[in-house]
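Working notes, beginning with the structure itself.
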Protein chains: 2
Amino acid sequence: MTDTSGKIRVLIADDHGMILDVLSMFLGTQPDMHVTTTTDLDGALSAITSNGGYDVVLLDYNMPGMNGTQGLTRAIQLNKKNPVAILTGTPTKRILDESLAKGAAGLVPKTMPAKSLAIAIRFMHVGETYVPLDLMREEAAEAGEGVGKLSAREKTVLECLGEGKQNKEIANSLQLSEATIKMHVKSICKKLGANNRTHAVITARDQGLL
Amino acid sequence: MTDTSGKIRVLIADDHGMILDVLSMFLGTQPDMHVTTTTDLDGALSAITSNGGYDVVLLDYNMPGMNGTQGLTRAIQLNKKNPVAILTGTPTKRILDESLAKGAAGLVPKTMPAKSLAIAIRFMHVGETYVPLDLMREEAAEAGEGVGKLSAREKTVLECLGEGKQNKEIANSLQLSEATIKMHVKSICKKLGANNRTHAVITARDQGLL
DNA sequence: TAGGCCTACATACTTTAGTATGGGGTTTTG
DNA sequence: CAAAACCCCATACTAAAGTATGTAGGCCTA
């Protein structure tokens with residue numbers, strides 16, 4: 001059995017075999033780390049339980065059982081006060097906000113060089129929060145905050161968009177004027193950071209809003 | 001300098017730092033492989049040129065300069081008769097078809113375990129074609145349904161629609177005229193039974209085409 | 001080789017979508 | 001209370017999307 005005394009015990013959960021294999025291999029070469037891996041949330045949770053908590057836990061955002069950041073909450077509860085971070089191939093400000101709100105120790109893009117990852121893990125291990133710089137820039141660029149929540153009307157309009165309806169149809173079915181619909185569509189796009197209705201539907205779907 | 005005599009010379013081009021780092025590390029532990037890496041297509045092409053060709057080349061599908069499978073063709077020409085394969089995180093039947101049509105030696109999902117990747121590389125090195133089984137299954141399944149009807153071009157345009165691009169943008173990125181894109185969009189809608197581009201994206205997603 | 005499909009482009013046109021203003025009115029909240 | 005956020009509508013405009021037709025070459029196949 002490997003000696004883990006004094007090492008940072010890292011748990012990585014990811015259903016991408018290649019990434020998992022290769023990440024654990026690289027981090028395993030670090031003298032101060034000991035890596036454990038699982039391929040789904042349940043595996044991660046039971047690993048945390050039986051191990052009595054890991055020093056750092058990385059959870060893939062898209063992973064069997066995760067369901068967005070739902071699994072994150074459960075993992076954080078189990079892992080006591082030790083950091084739990086989100087691992088994702090498609091880092092967005094939305095995922096960042098959600099994750100941090102739920103108490104994640106950071107967000108790790110899979111596009112990050114392996115060496116940087118090792119540094120980020122040590123960073124989180126000492127209680128810091130790690131977030132990629134470019135996402136912070138996006139956050140700053142989006143001026144005010146509150147980008148997350150759509151109003152009630154906007155949600156219903158978004159649903160219509162998600163059915164491929166055009167403005168006039170939406171106006172009819174909601175008993176509103178076309179001008180009003182246009183207004184709502186516009187603010188939906190602004191809030192979602194989309195360029196047009198099609199893009200809005202895409203991003204809404206990606207974020208589980210639809 | 002490392003001794004490469006007798007080894008399979010592998011070139012991997014990918015702009016995902018983590019994957020690149022960790023892949024080359026794992027494959028480097030294989031006694032019969034020697035790995036070189038680049039982070040964009042231009043780097044890959046010049047590496048191939050100066051090296052006189054690699055035994056196996058892996059190109060990331062989404063990568064600066066690639067533009068779908070356009071870069072694949074150039075790489076194949078440069079690499080003589082040696083295998084060039086596509087590396088992608090989101091393997092789809094569309095990408096498979098396109099790649100094989102252009103003469104790729106295979107399609108390697110990033111979700112593949114690292115050990116399997118090593119095997120796949122050896123497989124391609126001896127002249128075989130590697131494709132993931134599950135994609136072949138998709139192929140069989142889709143053939144039965146009514147939606148395998150989109151032509152190659154239509155599929156690439158559909159992907160662009162799925163990114164919320166507008167006609168002009170698609171035309172630019174595909175080096176086509178806006179009129180041509182409109183034509184493709186129209187026939188996509190007709191084949192999918194959609195009323196407009198947004199609707200087309202929705203139904204395409206629902207049917208797993210995106 | 002003729003008919004079919006795919007690809008590509010152009011031109012002209014109509015309809016939708018999106019933007020920019022303006023005007024009202026509610027409810028929520030600091 | 002007053003600011004902020006929501007909700008509704010209107011007009012007028014620009015940009016984009018969608019429709020319709022015609023031309024044309026390549027490829028495959030019956």
Side-chain angles (χ1 to χ4, degrees), chain A residues 142-204 209, chain B residues 67-70 73 93-94 97-103 142-143 146-204 209:
Chain A
E142 289 187 44
E145 56 346 301
V147 184
K149 294 169 191 171
L150 297 182
S151 72
R153 258 296 188 243
E154 287 163 353
K155 282 174 190 167
T156 69
V157 171
L158 177 60
E159 294 240 334
C160 293
L161 291 184
E163 293 163 13
K165 290 182 182 176
Q166 53 193 179
N167 294 335
K168 198 181 297 180
E169 292 178 297
I170 301 175
N172 288 335
S173 69
L174 296 185
Q175 300 275 70
L176 296 174
S177 89
E178 194 178 340
T180 305
I181 302 303
K182 285 186 177 184
M183 190 204 67
H184 285 307
V185 171
K186 182 161 177 53
S187 74
I188 288 172
C189 287
K190 202 191 313 183
K191 289 184 179 179
L192 294 185
N195 305 317
N196 52 53
R197 57 177 52 218
T198 305
H199 197 181
V201 169
I202 308 281
T203 60
L209 297 179
Chain B
N67 218 327
T69 54
Q70 277 188 7
T73 307
K93 185 183 165 301
R94 207 208 95 243
D97 290 342
E98 247 187 70
S99 304
L100 294 187
K102 296 277 181 76
E142 281 185 36
V147 194
K149 290 183 169 184
L150 297 184
S151 72
R153 255 304 186 237
E154 288 163 351
K155 284 171 189 167
T156 70
V157 172
L158 177 59
E159 293 245 330
C160 292
L161 292 183
E163 291 162 15
K165 289 182 182 174
Q166 52 192 181
N167 294 334
K168 199 180 295 181
E169 294 177 298
I170 301 174
N172 288 334
S173 69
L174 295 184
Q175 302 273 68
L176 296 174
S177 89
E178 195 178 339
T180 304
I181 303 303
K182 285 186 176 183
M183 189 204 68
H184 285 307
V185 171
K186 182 160 177 58
S187 73
I188 288 171
C189 288
K190 202 190 317 181
K191 288 183 179 179
L192 293 185
N195 304 317
N196 51 52
R197 57 176 52 219
T198 305
H199 197 181
V201 168
I202 309 281
T203 60
L209 295 180

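- In this structure, A/Glu159 has no salt bridge (charged side-chain N to carboxylate O under 4.0 Å, His left out) partners at least two apart in sequence or on a different chain.
- Under 4.0 angstrom from either OP1 or OP2 of C/dC6 there lies at least one side-chain N or O belonging to B/Lys191.
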Measure all distances between protein nitrogen or oxygen atoms and nitrogen or oxygen atoms of nucleotides 24-30 of chain C, and list the pairs falling under 3.5 Å.
none

- Task: Any chance you could list the contact pattern along nucleotides 8-19 of chain D? Use B for base contacts, S for sugar-phosphate-only contacts and - for none, protein heavy atoms under 4.0 Å, 5' to 3'.
- Result: BBB-----SBBS
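- Rounding to whole angstrom units, CD1 of residue A/Ile181 and C1' of C/dA17 are separated by 13 Å.
- Under the side chain to side chain donor-acceptor pair (under 3.5 Å) criterion, B/Ser177 pairs with B/Thr180, not counting sequence neighbours.
- In the helix from C/dT1-D/dA30 to C/dG30-D/dC1, the terminal helix axes, each the rotation mapping four pairs' C1' atoms onto the next four within five end pairs, subtend 40°, rounded to 10°.
- Every residue two or more places apart in sequence or in another chain that forms a side-chain contact (heavy atoms from CB on, under 4.5 Å) with B/Ser187 is listed here: B/Glu154.
- Residue B/Ala200 comes nearest to B/Ile188 through the heavy atom pair CB-CG2, 4.4 Å, listed as atom of the first residue, atom of the second, then distance.
- Of all the heavy atoms in A/Ala194 and A/Thr203, the pair that sits closest is CB-OG1, 4.5 Å.
- In this entry the distance linking CG of A/Leu161 with P of C/dG18 reads 8 Å, nearest Å.
- Within the structure, salt bridge (Lys or Arg N to Asp or Glu O under 4.0 Å) pairs that include any residue of residues 167-179 of chain B do not occur (at least two apart or interchain).
- Among residues two or more places apart in sequence or in another chain, the salt bridge (charged side-chain N to carboxylate O under 4.0 Å, His left out) test is passed with A/Lys165 by A/Glu163.
- Between B/His199 atom NE2 and A/Thr198 atom OG1 the span is 12.0 Å, to the nearest 0.5 Å.
- Taking the side-chain contact (heavy atoms from CB on, under 4.5 Å) definition, one finds that A/Lys186 meets it with nothing, sequence neighbours left out.
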Write down the protein N/O and nucleotide N/O pairs, taken from nucleotides 24-30 of chain D, whose separation is under 3.5 Å; answer none if there are no such pairs.
none

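- Every side-chain contact (heavy atoms from CB on, under 4.5 Å) that B/Thr73 has, sequence neighbours left out, goes to B/Gln77, B/Lys102.
- Within the 4.5 Å cutoff, the side chain of B/Arg197 has heavy atoms near those of the B/Asn167 side chain.
- Of the candidates A/Leu161, A/Ile170, A/Leu150, A/Leu174, A/Thr156 forms a side chain to side chain contact (heavy atoms under 4.5 Å, CB included) with just one, namely A/Leu174.
- Put simply, CG on B/Leu174 is 13 Å from C1' on C/dA8, counting in whole angstrom units.
- A/Asn172 pairs by the side chain to side chain donor-acceptor pair (under 3.5 Å) definition with nothing, not counting sequence neighbours.
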